[in-house]
Protein chains: 2
Amino acid sequence: MELRQLRYLVTIAETGNLGRAAERLYVSQPALSQTVRALEGELGVRLFDRHPGGVSPTAVGRDVVEAARRTLAAAEGVRAAAARVLRVGFEASGAGDLTSRVRAEFARRHPEARLEPKRYDWGGEAEALRAGLVDVAFVWLPADLTGFAHEVVHREPRVVGLPENHRLAGRAGLTVMDVADEPLMWTERAPREWVDWWAVNPRPDGSAPKWGPTNDNVEEMLDQVADGVAVCFGPASMARYYTRPGLVWVPLVGAEPLRVALAWPAGSANPLVAAFVAVVRELSRP
Amino acid sequence: MELRQLRYLVTIAETGNLGRAAERLYVSQPALSQTVRALEGELGVRLFDRHPGGVSPTAVGRDVVEAARRTLAAAEGVRAAAARVLRVGFEASGAGDLTSRVRAEFARRHPEARLEPKRYDWGGEAEALRAGLVDVAFVWLPADLTGFAHEVVHREPRVVGLPENHRLAGRAGLTVMDVADEPLMWTERAPREWVDWWAVNPRPDGSAPKWGPTNDNVEEMLDQVADGVAVCFGPASMARYYTRPGLVWVPLVGAEPLRVALAWPAGSANPLVAAFVAVVRELSRP
DNA sequence: GCCGGGCGATAAGCGGCGCTTATGATCGCA
DNA sequence: TGCGATCATAAGCGCCGCTTATCGCCCGGC
């Protein structure tokens, strides 16, 4: 078994077609035919069912492909270990100022290492983690982190984003019910649970939020709020990290704060992960 | 980068010597020389310092080798996925009858899969997990499980093992202090923390246990207890899974029960891990 | 101080294997 | 029934990773 074979395998599974896979891999179709046969022989199981129209993985094949994906991710970890890069996933304002404090301290301790902060859209940091696109991530809870090592490292109160000419814009604080009648921004990207948590759904009185337009990320959300079409909720740090002309932030009172977890695949191949976790753990302790 | 190269790398790091590594790998020494150079070129860093007497990994090299190890373990996961085997680590009586219930239910749901229970000596199941020798393990707590996904799935009261002719052998229950004067079996294999927890050290009154002979595993321990040279502590299931002529078990009262965690490397390449975890989680819920 | 042994690096040649192109076999579909 | 997909097979070839042979280096022993 070689990584080349696993790379081929994954691409074949993704395209479901030897021809197209060959194209994407810059090899000829028989090369893949041959590789599949070799792997099937070595592993002793049929991995794909062939039919005119393409190939589809068998039950075992699906699992093998998934295992192959993880192996390739681990191999990427070898590269990362050599390059001393650590890809850190987050969304929007991440873990607030903890993020920058961690970055500074990590750089101090590991001057040879390079952090690569990678921002994702709503709920995307958890997906990225799962897909092996990042080595570690600051994940906004709630999120499904089963199968990942994680710990809550940060919490911050929430705020309400309003157009500056909104009748409530001058208030010192707002409750969820204060803005119950305002259309609320939401997203189709993140899991249901995530959206409901942010929207405080159901409300204390059992009612549902008044859903407004959807958006895919902070910028889109804030643009629309500044345009006056809706209001939004966010963590306090969002007020410090993102501004928009025509947008004001007011503390949201009586709602539970955002909890941010640091999550990473246990047993990650990238040794910087452990170092990063240690720094975050230390700085989040006070 | 190919698995072959990573295999070579790890062996070279283990032997610290190209010649001996070549021997173990059934290739010639220049082949390794060449592989190291190729990898160093591809990764853009020096991995080993060469000196007369052998090679030693650089700082980066150490990390790369570690990442390579994980990658090879992941590749083993591909084999496991194909073979549908799940290696389950445990020690002694493991998680008691939960173990057998899980095995039955797992076999029912995944008839094509094969469980490979692997028993380890005291504290060895956690090491085995770390070394990638098992895919999942029932770990007796306390244990260091940082970096692993884990959850407590089982608890059971403790018992005292005594020679049958011991003056306390007929009692319905014993406290730690009742046997404070008896030499207590212990082991040098497990971490300090583990040994102290089992020995209830320090005792409620602040005193230390009276340490008796050491042993490496259940059989040795029970043999010695049956011989009358010491007493031992164990989980209740040990009384049901192991018997010895001349040995009796008495409940240990007033001591906290054993907690058993199911632990696995998050993001394991073996898909059966998730299936197994699901079964255990379900059966341990009642 | 010199020589021998052990180490890794280099050189040159060779052979396997994984690629290529060309073609065959099979099925679905019009 | 023939066409256009698909994957499988065949045959040839070239790369690359192996081998053996040798070198250069450092050290330790006498």
Side-chain angles (χ1 to χ4, degrees), chain A residues 1-62 64-65 68 71-72 75 78 82, chain B residues 1-62 64-65 68 71-72 75 78 82:
Chain A
M1 182 171 26
E2 286 300 337
L3 289 176
R4 174 185 52 78
Q5 298 174 301
L6 301 184
R7 280 186 276 265
Y8 287 2
L9 202 65
V10 168
T11 304
I12 291 171
E14 278 173 0
T15 59
N17 179 305
L18 294 197
R20 270 188 292 283
E23 209 169 314
R24 262 179 49 181
L25 290 164
Y26 303 107
V27 296
S28 66
Q29 171 262 315
L32 300 188
S33 217
Q34 193 175 318
T35 296
V36 170
R37 186 150 42 90
L39 261 183
E40 287 180 331
E42 179 174 349
L43 298 176
V45 289
R46 187 160 196 75
L47 297 174
F48 290 98
D49 287 324
R50 282 79 155 172
H51 23 73
V55 296
S56 60
T58 61
V60 175
R62 256 188 298 278
V64 168
V65 166
T71 305
L72 294 174
V78 174
Chain B
M1 183 170 24
E2 286 301 337
L3 288 176
R4 175 185 51 79
Q5 298 174 301
L6 301 184
R7 280 186 275 266
Y8 288 3
L9 203 64
V10 168
T11 305
I12 291 170
E14 278 173 359
T15 60
N17 178 306
L18 293 197
R20 270 188 292 282
E23 210 169 314
R24 264 180 48 182
L25 291 164
Y26 302 106
V27 296
S28 66
Q29 170 261 315
L32 300 188
S33 218
Q34 192 176 318
T35 296
V36 171
R37 186 149 42 90
L39 261 183
E40 287 180 333
E42 179 174 350
L43 298 176
V45 289
R46 187 161 197 74
L47 297 175
F48 290 97
D49 287 325
R50 282 80 155 171
H51 25 71
V55 296
S56 59
T58 61
V60 174
R62 257 187 297 276
V64 168
V65 166
T71 306
L72 293 175
V78 174

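Side chains are part of it too, since the values below use all heavy atoms of this structure and drop only hydrogens, waters and symmetry mates. Here is how names work: the chains are called A, B, and so on, in the same order as the sequence lines, proteins then strands, and each is numbered from 1. In this text, all values refer to a predicted model and were calculated from it rather than measured experimentally.
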- request: Quickly work out the B:Y26 OH to D:dT20 P distance and round it to whole Å.
  value: 16 Å
Approximate separation, where rounding is to 0.5 Å, of A:L6 CG and A:T11 OG1: 10.5 Å
field: Nearest-nucleotide pick for B:T35, side chain only, options being D:dA21, D:dC18, D:dA10
entry: D:dC18
query: Between A:Q29 (CD) and C:dG18 (C1'), how many Å, whole number?
result: 15 Å
message: Tell me which residues in residues 38-52 of chain A lie within less than 4.0 Å of DNA chain C, going by non-hydrogen atoms.
response: A:P52
query: Can you find a side chain N or O atom of B:R37 that sits less than 4.0 Å from OP1 or OP2 on C:dG8?
result: no
task: In whole angstrom, give the distance that lies between atom CG of A:L32 and atom C1' of C:dC17.
output: 16 Å
- line: Rounded to 10°, the helix from C:dG1-D:dC30 to C:dA30-D:dT1 deviates from straight, judged by its five-pair end axes, by 10°
message: For the CG atom of A:L32 and the CD1 atom of A:I12, what is their distance to the nearest 0.5 Å?
response: 4.5 Å
- prompt: Looking at A:V55 and A:N17, what are the two nearest heavy atoms and their distance?
  reply: CG2-N, 4.0 Å
- request: Using a strict cut-off of less than 4.0 Å between a Lys/Arg side-chain nitrogen and an Asp/Glu carboxylate oxygen, indicate whether A:R7 and B:E2 qualify as a salt bridge.
  value: yes
query: Does A:Q34 get its side chain close enough to the base of D:dA8, under 3.5 Å, for a donor-acceptor pair?
result: no
- request: Given side-chain contact (heavy atoms from CB on, under 4.5 Å), test B:F48 with B:V64 step by step and report yes or no.
  value: CA-CA 11 Å; B:F48 290 97; B:V64 168; over 6 Å; no
statement: B:A31 has its side chain closest, among D:dA10, C:dC19, D:dT19, to D:dT19
- prompt: C:dG18 P sits how many Å from A:E2 CD, rounded?
  reply: 9 Å
message: Suppose the criterion is side chain to side chain donor-acceptor pair (under 3.5 Å): which pairs have a residue in residues 49-61 of chain B, not counting sequence neighbours?
response: B:E40-B:R50, B:H51-B:S56
task: Please determine if a side-chain N or O atom of B:S33 lies less than 4.0 Å away from the OP1 or OP2 oxygen of C:dA9.
output: yes
Strand-adjacent residues in residues 3-18 of chain B, judged by heavy atoms under 4.0 Å from DNA chain C: B:N17, B:L18
- prompt: Hey, are the side chains of B:R46 and B:V60 touching, using non-hydrogen atoms and a 4.5 Å cut-off?
  reply: no
task: Could you pull out the closest heavy-atom pair between B:R24 and B:E14, with the gap in Å?
output: NH2-OE1, 2.7 Å
- prompt: Looking at A:S28, does any N or O in its side chain come under 4.0 Å of the phosphate oxygens OP1/OP2 on C:dT20?
  reply: yes
Results of side chain to side chain contact (heavy atoms under 4.5 Å, CB included) for B:S33 - residues two or more places apart only: B:L18, B:Q29
query: At what distance, to the nearest 0.5 angstrom, does CG of A:L3 lie from OG1 of B:T71?
result: 7.5 Å
field: Of the listed nucleotides C:dG8, C:dC7, D:dT20, the one nearest the side chain of B:R20
entry: C:dC7
task: Please name all residues satisfying side chain to side chain contact (heavy atoms under 4.5 Å, CB included) with B:T35, sequence neighbours left out, ordered by chain then number.
output: B:R4, B:Q5, B:Y8
